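Please read these numbers as outputs of a predicted model, since none were measured by experiment. Sequence positions, counted from 1, serve as the residue numbers for this chain.
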Amino acid sequence: MSEEIYTFPKDFIWGVATASYQIEGAWDEDGKGESIWDRFSHTPGKVDNGDTGDVACDHYHRWRDDVALMKELGLKAYRFSIAWPRILPDGWGEVNQVGIDFYSQLVDALLEVGIVPFVTLYHWDLPQVLQDEGGWPARMIVDTFTEYADVVSRALGDRVKNWTTLNEPWVSAFVGYSMGRHAPGYTDQGEAIAASHHLLLSHGRAVSVIRNNCPDANMGIALNLTPQEPASPSVADRKASTWVDGYINRWFLDPLVGRGYPQDIVNSFGHAMEFVQAGDLDTIAVPVDFLGVNYYTRGIVRSNDISDADNEPRTVYPGDEITEMDWEVYPKGLYNILGRLYFDYAIPAIYITENGAAFADEISPDGQVDDPYRLSYLKRHLEMVKKATQIGVPVKGYFAWSLLDNFEWGYGYSKRFGIVYVDFQTQQRIPKSSAKWYRKVIHENSLDAVA
Ligand code: FCB
């Protein structure tokens, strides 16, 4: 292991992340309501191979073993999400106590072995009944999310101190409502824009409610931030890259820090934004304690406005290293985005809430799973995190995506992101070599000798 990795501060948080729909299974057990992902994955043609999260990693039944596994791996923190329809099967109103108990026991078990829980309230599994009433594009959703945040933080706030409201609202809004690749599978840009606003508003409202129930809460939101670079220095490519940056990154970052929606993107959308009501932008800009960064790759943008022949020749190409998702391995992008968050946005604290890679892992004849490419991916990204901290960026922790191979949304089980291999026939878990390496990194960084 490189010396580089030894020098994280002693209080740096080392964890892994998962999400409810991707691992739990038990989709209709113990009073759980249907989610938009249940509906979507049960609709033929929506998910590769017809895969569903009905069973997934069966974590709902195997959570005790999974906590033991996390302990064995020396993890210090666990970021997981709560399935809204397990808590409020009708979206609001009657609380399903069995659902609360499930997460409550999980939290107790984690604390017992010294693993700090980081709870995400929404990682994409909206109660289907709420989608039937309009879903995120409808303003009523804000009240229901606030109620959900209230119920969960009253139940867990005595023990859970780290809260993330939303995971990747860009994906919920635009991939779900405008590209149609995620639940609920719609293709209406106007709906997607309204959804993004109601997601942000829900975040702002929930922050206050959670703080009320849990005054010492460490509160944040997790965004997918993908730095964009023009494919050439041409004006057309630079314009295009600024636009994609605005659409994916600034559309969420700017209103969260009180700058409102970026005007260039508002203009390009050409929507009236009539759903933005007085006071909304202040609610959205409520100060939070941290920003969660989910980083996987960068984007290289070529303009569509002019033909390739009329444009300047490309100067930026993706490197040769590409993951199973067809994503370029580009560690420097993480350093770049971290620097920007600190120097342009003055973000006071950052956690890397997701970072990882899918590769086609296989069990070797000796029963082990060797994943050198993932190990190298994680290592090089951690080095960038360290470099960022050296220029003053306040990164407080790192969560590898993911603990387990799991249901990778539209790709089903075909993409393995886990540091632990899952045999989906037997549900056997096998820590990959990346998990063993990560364990060592955590251990060495937790030694007293480390400053
Ligand atoms: C992120 C999601 C996470 C997982 C990774 C690969 O966008 O938050 O659930 O699917 O991508």
Under the side chain to side chain contact (heavy atoms under 4.5 Å, CB included) rule, what do N336 and R340 come out as? Steps first, then yes or no, please.
CA-CA 6 Å; N336 293 345; R340 181 179 178 197; over 6 Å; no
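- Residues R416 and F359 have side chains not in contact (no heavy-atom distance under 4.5 Å, counting atoms from C-beta outward).
- Side-chain contact between D48 and E408: absent, with no pair of heavy atoms (C-beta onward) separated by less than 4.5 Å.
- For the pair P233/T315, a side-chain contact is recorded, criterion being any heavy-atom separation below 4.5 Å from C-beta on.
- For the pair T353 and T120, the minimum side-chain heavy-atom distance is 4.5 Å or more.
- Among residues two or more places apart in sequence or in another chain, the side chain to side chain donor-acceptor pair (under 3.5 Å) test is passed with N249 by D245.
- One N or O on the side chain of S268 and one on the backbone of I265 form a donor-acceptor pair closer than 3.5 Å.
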Test ring-ring contact (aromatic ring centres under 6.0 Å, His included) applied to H381 and Y295, step by step
CA-CA 9 Å; H381 284 78; Y295 177 83; 5.7 Å; yes
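- Between A349 and D289 the shortest heavy-atom distance is CB-O, 3.4 Å.
- Remark: V301 engages Q228, A240, S241, V244 in a side chain to side chain contact (heavy atoms under 4.5 Å, CB included) (not counting sequence neighbours).
- For the residue pair N311 / D237, a side-chain donor-acceptor distance below 3.5 Å is found, with atom types taken as modelled.
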Stepwise salt bridge (Lys or Arg N to Asp or Glu O under 4.0 Å) test for D66 and R429:
CA-CA 9 Å; D66 289 336; R429 275 77 160 136; 3.0 Å; yes
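- The closest donor-acceptor contact from the side chain of D405 to the backbone of V422 lies under 3.5 Å.
- Residues satisfying the side chain to side chain donor-acceptor pair (under 3.5 Å) criterion with D423, sequence neighbours excluded, are T426.
- Ring geometry for W37 versus Y21: interplanar angle of 30 to 60°, hence tilted.
- Every residue two or more places apart in sequence or in another chain that forms a salt bridge (Lys or Arg N to Asp or Glu O under 4.0 Å) with D108 is listed here: R159.
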Is there a side-chain hydrogen bond (donor to acceptor under 3.5 Å, both in side chains) between Q263 and N267 once you walk through the steps?
CA-CA 6 Å; Q263 198 54 48; N267 295 347; 2.8 Å; yes
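- The pair R238-E229 fails the salt-bridge criterion, with no side-chain N (NZ, NE, NH1 or NH2) lying under 4.0 Å from an Asp/Glu carboxylate O.
- A donor-acceptor pair shorter than 3.5 Å cannot be found between the side chains of Y296 and T323.
- Under the 3.5 Å distance criterion, the side-chain polar atoms of D280 are matched with a main-chain donor or acceptor of Q277.
- Residues that satisfy the ring pair (Phe, Tyr, Trp, His ring centres under 6.0 Å) test with Y342, not counting sequence neighbours, are absent from this structure.
- Looking at residues two or more places apart in sequence or on another chain, you find no salt bridge (Lys or Arg N to Asp or Glu O under 4.0 Å) involving K332.
- Residues passing the side chain to side chain donor-acceptor pair (under 3.5 Å) test with D143, sequence neighbours excluded: R205.
- With H198 contributing its side chain and P137 its backbone, the two residues share a donor-acceptor pair below 3.5 Å.
- The two atoms that bring L166 and F145 nearest to each other are CD2-CZ, 3.9 Å, heavy atoms only.
- Considering only heavy atoms from C-beta on, I350 comes within 4.5 Å of L341 through its side chain.
- A cation-pi contact, defined as under 6.0 Å to the ring centre and within 45° of the axis, links K387 to Y335.
- Aromatic rings of F80 and F118 (six-membered ring for Trp) have centroids beyond the 6.0 Å cut-off, not under it.
- Every residue meeting the side chain to side chain contact (heavy atoms under 4.5 Å, CB included) condition with A149, not counting sequence neighbours, appears here in chain and number order: L121, A206, I210.
- Applying the ring pair (Phe, Tyr, Trp, His ring centres under 6.0 Å) criterion to Y103, with sequence neighbours excluded, gives no partner residue.
- Partners of S434 by side chain to side chain contact (heavy atoms under 4.5 Å, CB included), not counting sequence neighbours, listed by chain and number: D371, R374, L375, L378, I419, K432.
- Under 4.0 Å is where a charged nitrogen must lie from a carboxylate oxygen, and between E328 and R298 at least one such pair does.
- Contact annotation: the side chain of W27 never approaches that of S35 to less than 4.5 Å [non-hydrogen atoms, C-beta and beyond].
- The backbone N or O of E324 lies less than 3.5 Å from no partner atom in the side chain of W327, so there is not a single donor-acceptor pair.
- The shortest side-chain heavy-atom distance between Y351 and Y398 does not fall under the 4.5 Å cut-off.
- For D65 (side chain) and W63 (main-chain N/O), no donor-acceptor pair under 3.5 Å exists by modelled atom type.
- Between D28 and R86 there is no salt bridge, since no side-chain N of the basic residue sits under 4.0 Å from a carboxylate O of the acidic one.
- Contact of the Y247 side chain with the P262 side chain is not registered, since no non-hydrogen atoms from C-beta on lie closer than 4.5 Å.
- In this structure, a donor-acceptor pair under 3.5 Å is present between the side chains of S20 and D125.
- Note on ring orientation: taking the six-membered ring where Trp is involved, the planes of Y122 and W84 are perpendicular (angle over 60°, cut-offs 30° and 60°).
- For K32 and D38, the salt-bridge test passes: some basic side-chain N is under 4.0 Å from an acidic carboxylate O.
- If you look at F12 and W14, their ring centroids are closer than 6.0 Å.
- In this structure, the side chain of W124 engages the main chain of N167 through a donor-acceptor pair within 3.5 Å.
- Taking the six-membered ring wherever Trp is involved, the centroid distance between the rings of Y261 and W251 falls below 6.0 Å.
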Pair D54, H42 - check side-chain hydrogen bond (donor to acceptor under 3.5 Å, both in side chains), show working.
CA-CA 9 Å; D54 290 4; H42 292 160; 2.6 Å; yes
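- Separation of the Y60 and F102 ring centroids falls under the 6.0 Å cut-off.
- Ion pair K161/D216 flagged as a salt bridge, since at least one NZ, NE, NH1 or NH2 atom sits closer than 4.0 Å to an Asp/Glu carboxylate oxygen.
- Ring pair H197/F275 is tilted by interplanar angle, where 30° to 60° counts as tilted.
- A side-chain donor-acceptor contact under 3.5 Å links D51 to the backbone of Y413.
- Counting non-hydrogen atoms of neighbouring residues, nucleotides and ligands closer than 6.0 angstrom, the CH2 atom of W92 reaches no more than 12 such neighbours.
- With a 6.0 Å radius and a threshold of 12 heavy atoms from other residues, nucleotides or ligands, R181 has its CZ atom at or below the threshold.
- Looking at residues two or more places apart in sequence or on another chain, you find a side chain to side chain donor-acceptor pair (under 3.5 Å) between N162 and N218.
- Classification of the Y186-Y177 ring pair by plane angle, with boundaries at 30° and 60°, yields perpendicular.
- Applying the side chain to side chain contact (heavy atoms under 4.5 Å, CB included) rule to V55 yields the partners D58, Q427; only residues at least two apart in sequence or on another chain are considered.
- With I352 as reference, V395 is the one residue of V395, I13, N294 to meet the side-chain contact (heavy atoms from CB on, under 4.5 Å) rule.
- With salt bridges taken as basic N to acidic carboxylate O contacts below 4.0 Å, one links D264 and R250.
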